[in-house]
Amino acid sequence: MAARMEPAIILVRPQMGENIGAAARAMLNFGLTDMRLVAPRDGWPNPRAVAMASGAAGRVLDRARVFATLAEAMADVDYAYATTARGRELTKPVLTPATAMADARQRHAQGGGTAILFGPERAGLENDDVARANAIITVPVNPDFPSLNLAQAVLLNGYEWARESLPPEPAPHGRRPDGEAPATRIEIEKLADHYEERLEAAGFFFPAEKAPAMKLTLRNLWSRLPLTRADTRIFHGMLRQLVRRAD
């Protein structure tokens, strides 16, 4: 059997279709597509899940597999993590999402298959479910309000699973609209020239002996600003409009 490249996301006795759909969206945000449902309360397929999943319906929900028991859903799983704030009476490692997913990446690199178990929305995983897992994942949240919904829990673990492969910036340069790209040196030079020319015509650089220092200060100001291409177009347009009105 070929090694799986991602953890399976196993939702144990999920109750609401909307939450299954939201979990699917959270999965696909981080490239996870292996969803397994254990005895969903309202049956399967569920139109409310599809509506909530949006673009994740075809890539996650349509491929989701339904199992009668957790044992069946875990048949090909070598190592499983149970997400719960309880179950500490069971002797198991208790990990954060970050440490758990770092461990999972190592296991997959060695050819193992992993799964993350999530319990029903109202009460979470039961001890019988947690007993089937090898380790527990607990999110270190505010102890006065530790409640996370299903999709939030999936999102946190999905992010930690994918974090080493995520782009270093929220919008990598290759995917930015042209106007959001940083202005080039030539574009900034042309902008500085435009303002210097118009300010010269307006008599801004006065008295004459101070003009070189004033121009140098303005040139330095433009080069310091973190301008985008769209910014330079706006500044050019503002100045043209002011000149037209003055004329």
Other hydrophobic cluster members with I186, side-chain heavy atoms of Ile/Leu/Val/Met/Phe/Trp/Tyr under 4.5 Å, chained?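 Taking Ile, Leu, Val, Met, Phe, Trp and Tyr as members, I186 stands alone, with no cluster partners.
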
R233 CZ to D231 CG distance, which is reported to the nearest 0.5 Å: 9.5 Å

Rounded at 0.5 Å granularity, tell me how far OG1 in T69 sits from CE in M74. 10.5 Å

Of all heavy-atom pairs between [X] and [Y], which one has the smallest distance, and what is that distance?
X	Y	answer
P14	L11	CD-O, 3.3 Å
L117	A133	CD1-CB, 4.1 Å
R229	T184	NH2-CG2, 3.6 Å

Taking side chain to side chain contact (heavy atoms under 4.5 Å, CB included) as the definition, give me every residue that meets it alongside R13, ordered by chain and number, with sequence neighbours left out.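 So R13 forms a side chain to side chain contact (heavy atoms under 4.5 Å, CB included) with A39, P120, E126, D129.
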
Pairing residues for D103 by the side chain to side chain contact (heavy atoms under 4.5 Å, CB included) criterion, not counting sequence neighbours: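 Counting only residues at least two positions away or on another chain, D103 forms a side chain to side chain contact (heavy atoms under 4.5 Å, CB included) with Y79, Y81, R107.
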
Can you find a heavy atom in the side chain of V12 that is under 4.5 Å from one in the side chain of R132?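 They are not in side-chain contact.
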
With sequence neighbours excluded, residues passing side-chain hydrogen bond (donor to acceptor under 3.5 Å, both in side chains) with E197: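 None.
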
Mind checking side-chain hydrogen bond (donor to acceptor under 3.5 Å, both in side chains) for T33 and listing every partner two or more places apart, or none if nothing turns up?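 Counting only residues at least two positions away or on another chain, T33 forms a side-chain hydrogen bond (donor to acceptor under 3.5 Å, both in side chains) with E6.
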
Could you work out, with ring-ring contact (aromatic ring centres under 6.0 Å, His included) as the rule, every residue matching F67, not counting sequence neighbours?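 For F67 there are no ring-ring contact (aromatic ring centres under 6.0 Å, His included) partners, ignoring immediate neighbours.
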
Is it true that R163 and E160 make a salt bridge, defined as a side-chain N closer than 4.0 Å to a carboxylate O? yes

If you draw a 6.0 Å radius around CZ in R59, do more than 12 non-hydrogen atoms from other residues or ligands fall strictly inside?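 12 or below, so no.
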
For atom CZ of R105, decide whether the heavy atoms of other residues, nucleotides or ligands shown that lie under 6.0 angstrom number more than 12. yes

Aromatic rings H236 and H194: how do their planes relate, parallel, tilted or perpendicular, breaks at 30° and 60°?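 Rings of H236 and H194: parallel, as their planes differ by under 30°.
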
Look at the side chain of N220 and the backbone N and O of T217, then say whether any donor-acceptor pair between them is shorter than 3.5 Å. no

